[in-house]
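Some notes on the structure that comes next.
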Amino acid sequence: MRVATGLSVLVLGAGGIGHAVVSGLEGGIGRVDPFRDMKNRPEGGHGTNLLLVGTDGRDTITKAEKRKYKLGGAPCHCTDTIMLVHLSADRQRASVVSLPRDSYAEMPAHTDRTTGKHHAGHPVKLNAAYAEGGPALTVRTVENMTKVKIDHYLEVDFTSFMKTVDAVGGVKICTARPMKDAYTGLNLPAGTHELDGGQALQYVRSRHVDVAADLGRMERQQKFMAALIKRATSSGVLLNPVKFQQVSGSVLGSVRADKGFGTEEMLALGKAMKDFGPASSEFTSVPVGNPSFPVKGIGSTVQWDAKKAKKLFQALREDKPLAPAKPEPKPAAGPRQPPAKLVDVAPKDVRVQVYNGTPKDGLGRTVDEALRATGFTTTEAPLNGEVRELKRTLVEYDPRWDRSAKSLATALPGSELKAVKGQGPQMRVTVGADFTKVQRVKAEPRETGEFATVRGDEVVCP
């Protein structure tokens, strides 16, 4: 979840910032040694692998913030979220793989950091590795599961997450449908939102928004990370040494990293990524075989698809992109089109019959063709409406297809929605005298390719 903070540390290192500015930040980073005494590690591949973890630490959050953002209760001293980030050898791509916190894991033999008791290898949920053995056991467990060698470790908590978002001036998030979660206090209507640190924390923590639960939450976390990269790389922070130092200083004070990830490494990595942006990032989650795998004494766990997961991590070791090659954009014909609005149901999944409700000849065909151009499945045979003096465009729909109707109404600004029981899946659009244009719309991008990957520029707001 809050590992977006860790990635922003890398992004904020770009822009040719002077060595003295970055060196002054060294003392603010907490240091850990997650690689101490580690043996039988995987072989290193090409590129750099970072393990980014978000803990539920909330010690420095004020009482008012705890009440406002529903952060009460005792912390579990475990990892809320774990992400494996692969930076390509040419520093042109970041591949981010979410590892479900409830993943079924085989814990290596270790000594419990709290009790001092030695434990043999045993099954657990992945997030328990941190509680039993801290960063070192977390790294060992992830390497054991993925066979990917971890080069660096970054850890953030609630405080560092909120500081990061506030430091870059907030993050823009677009939602196609309302999002509410009583457990976190999240309450966002459909549309575009500028989230501050506390609101962003609610957004990435929420797992009761829909039936996808924790898996859906990971998708929102990835979307948030892409939005954070966009804000950090477009806000001028990277090109202003004073602003960079102010932002980084407020963020790094609550970040922990391995001892080998120091000023020199951050500066070199940041300079190499100076042209980094949302299009440079790709996001996926480890393939899941059974999202509710029962384990005695542990409960329901997330079991990975062993075959697909093996191919995914092999691609990381070989420094290969996870998303399929992006097609070359076609040259735009005519004036530049305005950005498409985000809708819940993809236009191609909405069937439409158009009627002309005015005396204007050919208006029905004009609207039919415009709706088809933005993706709707029209009949391509517009008809004349029973009423020919309709003032306001009307969208009639069966209540069972209300989400489809909202997508269609978004494409027809100012139109009226009318529920008609028993109408069936096909929408009826009667064009009124108020019609001016068809607004381009699109649904949130679906995961693509063998590893179900989305690119950062596909999930940020238009």
So [Y] and [X], do their side chains get closer than 4.5 Å, heavy atoms only?
X: S280; Y: Q92; answer: no
X: S95; Y: L316; answer: yes
X: V420; Y: Y397; answer: no
X: L154; Y: R256; answer: no
X: P321; Y: E282; answer: yes
X: L186; Y: Y183; answer: no
X: L50; Y: Y153; answer: no
X: Q199; Y: D196; answer: yes

State, without any angle test, whether [X] and [Y] hold a side-chain donor-acceptor pair at a distance under 3.5 Å.
X: T378; Y: R351; answer: no
X: S285; Y: Q222; answer: yes
X: T358; Y: N356; answer: yes

Does the pair [X]/[Y] count as a salt bridge with the N-to-O cut at 4.0 Å?
X: E194; Y: R231; result: yes
X: R93; Y: D319; result: yes
X: D457; Y: R455; result: no
X: D434; Y: R392; result: no

If you round to the nearest 0.5 Å, how far is [atom2] of [Y] from [atom1] of [X]?
X: L322; Y: T453; atom1: CG; atom2: OG1; value: 5.0 Å
X: M427; Y: T379; atom1: CE; atom2: OG1; value: 13.5 Å
X: D349; Y: D344; atom1: CG; atom2: CG; value: 11.0 Å
X: F376; Y: S404; atom1: CZ; atom2: OG; value: 9.0 Å
X: T81; Y: Q221; atom1: OG1; atom2: CD; value: 4.0 Å
X: M218; Y: R101; atom1: CE; atom2: CZ; value: 10.5 Å

Could you go through the side chain to side chain contact (heavy atoms under 4.5 Å, CB included) check for V352 and T377 one step at a time? CA-CA 6 Å; V352 185; T377 304; over 6 Å; no

Kindly say whether [Y] contributes a backbone atom to a donor-acceptor pair with the side chain of [X] at under 3.5 angstrom?
X: D181; Y: H208; answer: yes
X: Q439; Y: L412; answer: no
X: D305; Y: G289; answer: no
X: T284; Y: V97; answer: no
X: Q353; Y: A381; answer: yes
X: D151; Y: N49; answer: yes
X: Q423; Y: Q426; answer: yes
X: T184; Y: S206; answer: no

Quick check on the 6.0 Å ring-centre criterion: do F451 and F283 meet it? no

**Prompt:** Taking the six-membered ring for Trp, are F313 and W304 ring centroids under 6.0 Å apart?
**Reply:** yes

Parallel, tilted or perpendicular: which one describes the rings of Y104 and F293, with boundaries at 30° and 60°? perpendicular

Ignoring hydrogens, what is the shortest heavy-atom contact between [X] and [Y]? Give both atom names and the distance.
X: P123; Y: I298; value: O-CD1, 3.1 Å
X: K223; Y: L342; value: NZ-CD2, 4.4 Å
X: S300; Y: P291; value: OG-O, 4.3 Å
X: S407; Y: V343; value: OG-CB, 3.5 Å
X: T164; Y: L228; value: CG2-CD2, 4.2 Å
X: A227; Y: V171; value: CB-CG1, 3.4 Å

Practice prompt. Show your reasoning for whether side chain to side chain contact (heavy atoms under 4.5 Å, CB included) applies to M145 and L126.
Written response: CA-CA 10 Å; M145 297 173 72; L126 179 55; 3.8 Å; yes

A quick test of your reading: do over 12 heavy atoms of other residues, nucleotides or ligands sit less than 6.0 Å from [atom1] of [X]?
X: E318; atom1: CD; answer: yes
X: K341; atom1: NZ; answer: no
X: K308; atom1: NZ; answer: no

Does R428 count as lying over the ring of Y355, i.e. NZ or CZ under 6.0 Å from the six-ring centre, within 45 degrees of the axis?
yes

Exactly one candidate in V302, V286, N127 meets side-chain contact (heavy atoms from CB on, under 4.5 Å) with L99; the answer is V286

Given the options V431, V367, T436, T393 meets side-chain contact (heavy atoms from CB on, under 4.5 Å) only with V431

Is there a side chain to side chain contact (heavy atoms under 4.5 Å, CB included) between R220 and V204? Walk through the geometry before answering.
CA-CA 6 Å; R220 287 187 290 278; V204 297; over 6 Å; no

Give the intermediate values and the outcome of side chain to side chain contact (heavy atoms under 4.5 Å, CB included) for residues L84 and V148.
-> CA-CA 9 Å; L84 184 57; V148 172; 4.2 Å; yes

